[in-house]
Amino acid sequence: MDVLCKILSIPATLLAKVPGIGPIVKVCCTSVGQKILMALTGLSLCGFLVAHLAGNLNLFAGEEAFNGYAEKLHSLGPLLAMAETGLFGMFVLHIGLAVSTTAMSRRARTNQYEEKNSKQQGFILPNGGASNLMLVTGLIIFAYLVLHIIDMKLNLRGFESGDNKFQLVRNVLRNPMNGVFYVVAILALGVHLTHGVTSACQTLGISHPRWNKLIRILGVLFAWKIAIGFISLVVWAYATI
Amino acid sequence: MSSESLNLTLRIWRQDGPNAKGGFRDYKLNGVSTHMSFLEMLDVLNEQLIEAGEESVAFDHDCREGICGACSLMIDGKAHGPDQATTTCQLHMRRFHDGDTITIEPWRASAFPVLRDLVVDRSAFDRIIQAGGYVSVNTGNAPDGNAIPVPGTVQETAMDAAACIGCGACVAACKNASAMLFVSAKVSQLAVLPQGKAERGERVLSMVAQMDEEGFGHCTNTSECEAACPAEISVDNIARLNREYVRASLVSGK
Ligand code: HEM
Ligand code: FES
């Protein structure tokens, strides 16, 4: 892990020497700077989720509407390619920073407590709430992402599609293994964002005693609206013939 | 046995020195008065150990009234024990029950190496303060009272942050051993006041750099530090540190 971090930090150390942007790159390498970048990439990915879900809800409008949407999206050509590259970059950054900050914190406590208990109360989720499940849920999302691209974008496993995105999506989701895994992964996403959205606000300094409760409520609502939205698509695949 | 007196089993971390291998030792302690503080209870244990010709248990303490930040201790997995807003020296034995086994450990963080038994080296905090937790601009003679107007709410914010006693419970309680609550309190208490504003950019950059240098972890915003803090420092200070940091990294002269 340490060696990996050293290698990963080489580009940053070089960039830090460039006049003008150097100081900014340098602060991006600190724990606080990395966390700010994580929050920015995380929130951008939330933006992607909204767009992706909005597009996919076209499935409910039927075969024609959805295929029309898919065609329009692909007719964007280079624009789409640029967006996809950007998206890929966001994921790489977000995950890279997750690994880097987690490694930093593992090193910060090498001798564990014999007994450790929380002084906070009222967690619904086990293990001290969503904030302690970020890496696990993140890794589940990542595994899901890989499978998602293999099936939905590249169709490497050869699902029946008749050259039609609508049929492909439905057939992929109707595979029971896929269906279960998709639901689990989306639940993981819901947990990730339950902490993620509020946390990102705090990381970016968006906090005020008067507004914090509201930010928390909106963050959790957002997380589960997204999650329920995506799960509804899986349900749809089984409910329609 | 009346509820005025407890028979306890203490599981205490013993370690001879910084590089020695430590381990837990069990001690029976009978007839502990519920009126004692936790540290007085350890005093009684140490008297017994000394009488028996054994090494006493080393632990940090000074004021014993919750203001110096010297006492520490992870008690049954909770920094400063089970009570909110309480230091170990203010914790009373009436919080425990007859027959309890109490696990007592030192703060655990790479930046806080164990010196002996329950005593850890917290000089990493001193070095973070040395990196920028002060005002160095020369202000000349003491100004007239109220010559620098500071609104009451701002004073309150600064005072709330200044309540930090630097005990390290935030680091001890954090799953990442992060020092963000401590550093954010020290940044905030100066950043909101006119006297501290002049150096706010340099200060936050230097203190965060030192915090990383000392090997503390990053902040996941779990708020466990806030719950463990005997001085009730709010995580709102961490948001302020983040704000100060963004601002400083974009526009500070460094
Ligand atoms: C659509 C996908 C994802 C979205 C929308 C997302 C969003 C977020 C957001 C908003 C945060 C909060 C940032 C902060 O606390 O300041 C966060 C944190 C985090 N994310 Fe993600 N994330 C996604 C995927 C992933 C993946 C694939 C990983 C893989 C490991 C991951 C790992 C983490 C970790 C470990 C944290 C917590 C950082 C910490 O300890 O403070 N995330 N994410
Ligand atoms: S001994 Fe001073 S705060 Fe506990």
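Chain letters run A, B, ... following the sequence lines, proteins first, then strands; residues in each count from 1.
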Residue pair A/Thr203 / B/Asn242, side-chain donor-acceptor N/O under 3.5 Å: no
Donor on one side chain, acceptor on other, B/Thr103 and A/Tyr113, under 3.5 Å: no
Chain B contacts, top residue of A/Ser199, A/Pro209, A/Gly33 (heavy-atom pairs, under 4.5 Å): A/Ser199
Say you draw a straight line from [atom1] of [X] to [atom2] of [Y]; how long is it, rounded to the nearest 0.5 Å?
{"X": "A/Arg106", "Y": "B/Lys175", "atom1": "CZ", "atom2": "NZ", "value": "7.5 Å"}
{"X": "A/Thr110", "Y": "B/Arg108", "atom1": "OG1", "atom2": "CZ", "value": "10.0 Å"}
{"X": "B/Phe216", "Y": "A/Ser31", "atom1": "CZ", "atom2": "OG", "value": "11.0 Å"}
{"X": "B/Trp13", "Y": "A/Asn111", "atom1": "CH2", "atom2": "CG", "value": "7.0 Å"}
{"X": "A/Glu115", "Y": "B/Thr101", "atom1": "CD", "atom2": "OG1", "value": "10.0 Å"}
{"X": "B/Met180", "Y": "A/Lys35", "atom1": "CE", "atom2": "NZ", "value": "8.5 Å"}

Tell me which of these, [options], has more heavy-atom pairs under 4.5 Å with chain A than the rest.
{"options": "B/Val114, B/Val208, B/Thr222", "result": "B/Thr222"}
{"options": "B/Gln84, B/Glu214, B/Glu226, B/Arg240", "result": "B/Gln84"}
{"options": "B/Ala209, B/Ser178, B/Gly217", "result": "B/Gly217"}

Could you tell me which non-hydrogen atom of [X] sits nearest to which non-hydrogen atom of [Y], and how far apart they are?
{"X": "B/Met211", "Y": "A/Val32", "answer": "CE-CG2, 4.1 Å"}
{"X": "A/Ala108", "Y": "B/Gly215", "answer": "CB-O, 3.3 Å"}
{"X": "A/Gln202", "Y": "B/Val235", "answer": "NE2-O, 2.8 Å"}
{"X": "A/Lys116", "Y": "B/Ala172", "answer": "CE-O, 3.9 Å"}

Main-chain N/O of B/His218 paired with A/Thr101 side-chain donor or acceptor, under 3.5 Å: no
In this structure, are over 12 heavy atoms from other groups packed under 6.0 Å from [X] atom [atom1]?
{"X": "B/Tyr27", "atom1": "OH", "value": "yes"}
{"X": "A/Phe48", "atom1": "CZ", "value": "yes"}
{"X": "B/His97", "atom1": "NE2", "value": "no"}
{"X": "B/Lys197", "atom1": "NZ", "value": "yes"}

Tell me, for [X] versus chain A, whether the close heavy atoms (under 4.5 Å) come from the side chain, the backbone, both or neither.
{"X": "B/Ser234", "result": "neither"}
{"X": "B/Phe112", "result": "neither"}
{"X": "B/Asp236", "result": "both"}

A/Lys119 vs B/Glu224, side chain to side chain contact (heavy atoms under 4.5 Å, CB included): CA-CA, chis, key distance, verdict: CA-CA 7 Å; A/Lys119 279 180 101 162; B/Glu224 194 58 44; 3.9 Å; yes
Would you check if [X] and [Y] make a side-chain contact, meaning some heavy-atom pair closer than 4.5 Å?
{"X": "A/Ile206", "Y": "B/Arg243", "result": "no"}
{"X": "A/Thr30", "Y": "B/Leu205", "result": "no"}
{"X": "B/Asn221", "Y": "A/Ser131", "result": "no"}
{"X": "B/Arg11", "Y": "A/Glu114", "result": "yes"}

Side chain, backbone, both or neither of A/Gln112 within contact of chain B (heavy atoms, under 4.5 Å): backbone
Intermediate values then yes/no, side chain to side chain contact (heavy atoms under 4.5 Å, CB included), B/Asn176 and A/Arg109: CA-CA 7 Å; B/Asn176 298 336; A/Arg109 179 172 293 128; over 6 Å; no
